[in-house]
Number of protein chains: 2
Amino acid sequence: MNKDKVILYHAISVLNEDFSASVEKIANAAQVNKRTLYRYYKDRDTLISACYANMLDTWYEAMLAAYNGDAHPIKQLEQMLYAAIDCGVKYLFLSAVESKDGNNDIHRTEKFIAYEKARDKWFGIIPELQEKNVIDRQLSGPWIRLLFVNTVRTSVQALKAGDVAQNDLKRLAWLCFSRSIGITG
Amino acid sequence: MNKDKVILYHAISVLNEDFSASVEKIANAAQVNKRTLYRYYKDRDTLISACYANMLDTWYEAMLAAYNGDAHPIKQLEQMLYAAIDCGVKYLFLSAVESKDGNNDIHRTEKFIAYEKARDKWFGIIPELQEKNVIDRQLSGPWIRLLFVNTVRTSVQALKAGDVAQNDLKRLAWLCFSRSIGITG
DNA sequence: AAAAAATGTCACATATTAATGACATAATAC
DNA sequence: GTATTATGTCATTAATATGTGACATTTTTT
């Protein structure tokens, strides 16, 4: 992996946990000198914008593949969960940004608006499945989406803490998520 | 509520989302002048210590009441979830601190060690219920605890976003959590 | 209404972080 | 091995954040 991507990855990871973390903290996490970081990214804002762009691209690509990879809605949802887990911290940070005030700069970018549109389309699976009584109808759409995000969070945290083996991770995540929304498989 | 508690509440809320947030940002959230904040809390560290202490106390009291309020383990677990939801952001921040490196100052305090001990005792319910095949045995203890925390997170986020009515909140949280760990009630 | 207490405004010293230039050192290519 | 390129070290300036004193304004008490 190129150094700019290494820095980007660690920037996303650090900023996800502590958005006002110093550039030095990010540099340390990426194991490069602060001066080197500034050679790849002009300033703090540039780095943050690059984080946003990268998160959006990564997530979009992964979700698109998941959505298009199967015609059966339950399988699509399952693959979307796996895709989000693969995106890991990038997806979590993105969904955190999403829930913040719209006064932010990123909320007005074309890419972000496209992201929101795609997301709404993909998560349209949920009400579809509720109409067919596959997913519990007493749960609201926003609630299920929060469950989805936080299932991913559980997975990322478990992986980081070493609580669960890589192989079991996605299976457990889907098992718990699907059961929680009333899918009996 | 006394002004010191108002400031404390908002400090916990702001720091939970952005740990390196400035004192000014906390003061703004609490709708007091920065100068006033410094009259209640000598400096940033004092404020942060007060946050930790308050989170621990709030959580401890709520969980103790939940645990002692019922003799039946499933009911105890349910009440513990409700207690954690009532603690809201305080509980989330606390569990975030918990998962950080032990190099932190707070990890060595007496209160925190007592907290860990109590927590382990209370969450001992989980393996008990697994032995009785009430909770799915293929799920590990740490995984279930992460699910617990993130169910609380889902509840807090839903409440903040106004997605779910106050009245339904705890019922939905328990419904989803209990189903996800294989409790069929 | 007068006194007392709490809060806000503003200027200011200090500390921390952001960002850059000049140069030394390490890594890589040829 | 030498030239080239990438990275690290260190000093320095600019910008923000921390924390305090002096005093004005507001709120509460009596």
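Residue numbering restarts at 1 for every chain, and letters A, B, ... go by the order of the sequence lines.
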Practice item. Would you tell me if any nitrogen or oxygen in the side chain of B/Tyr40 comes within less than 4.0 Å of OP1 or OP2 on C/dT7? Key: yes

Check your understanding: Going by distance alone, is a donor N or O of one side chain under 3.5 Å from an acceptor N or O of the other, for A/Gln157 and B/Arg145?
Key -> no

Practice item. Give the minimum heavy-atom separation between B/Phe112 and B/Ile106, together with the two atoms involved. Key: CB-O, 3.3 Å

**Study point:** Protein-nucleotide distance (A/Lys25, atom NZ; C/dT16, atom C1'), rounded to Å
**Key:** 15 Å

Study note, to complete from the structure: When rounded to whole Å, the CZ to P distance for the pair B/Arg44 and D/dT18 reads 6 Å

Check your understanding: So which one's nearest nucleotide on DNA chain D is more toward 5', A/Gln31 or B/Lys42?
Key -> A/Gln31

Practice item. May I ask you to verify whether the side chain of A/Arg39 and the base of D/dG8 hold a donor-acceptor pair under 3.5 Å? Key: yes

Practice item. Can you tell me the distance, in whole Å, between the CZ atom of B/Arg35 and the C1' atom of D/dG21? Key: 7 Å

Review point. Does a side chain donor of either B/Asn16 or B/Ser13 reach within less than 3.5 Å of an acceptor in the other side chain?
Key: no

Study note, to complete from the structure: To the nearest angstrom, the CG-P distance between A/Asn2 and D/dT5 comes to 17 Å

Exercise for review: Specify the separation, in whole Å, of atom CG of B/Asp43 and atom P of C/dA15.
Suggested key: 14 Å

Practice item. Write down the distance between CD (B/Glu24) and P (D/dT18), rounded to a whole number of angstrom. Key: 8 Å

Practice item. Send over the distance from A/Lys34 NZ to C/dA18 P, rounded to a whole Å. Key: 8 Å

Check your understanding: Do the two ring centres, one from A/Tyr60 and one from A/Tyr115, sit under 6.0 Å apart?
Key -> no

Practice item. Compare side-chain N and O positions of A/Thr36 against OP1 and OP2 of D/dG8 and report whether any pair is under 4.0 Å apart. Key: yes

Exercise for review: Under 4.0 Å between any heavy atoms, over every strand shown, what does B/Lys3 touch: base, sugar-phosphate, or nothing? Just pick one.
Suggested key: sugar-phosphate

Check your understanding: For B/Val23 and A/Leu37, take the nucleotide of DNA chain D holding the closest heavy atom to each; which residue's nucleotide lies nearer the 5' end?
Key -> A/Leu37

Point to revise | A/Asn33 CG to C/dA18 C1', straight-line distance once rounded to whole Å | key: 14 Å

Point to revise | Between A/Phe123 and A/Phe148, ring centroids under 6.0 Å | key: yes

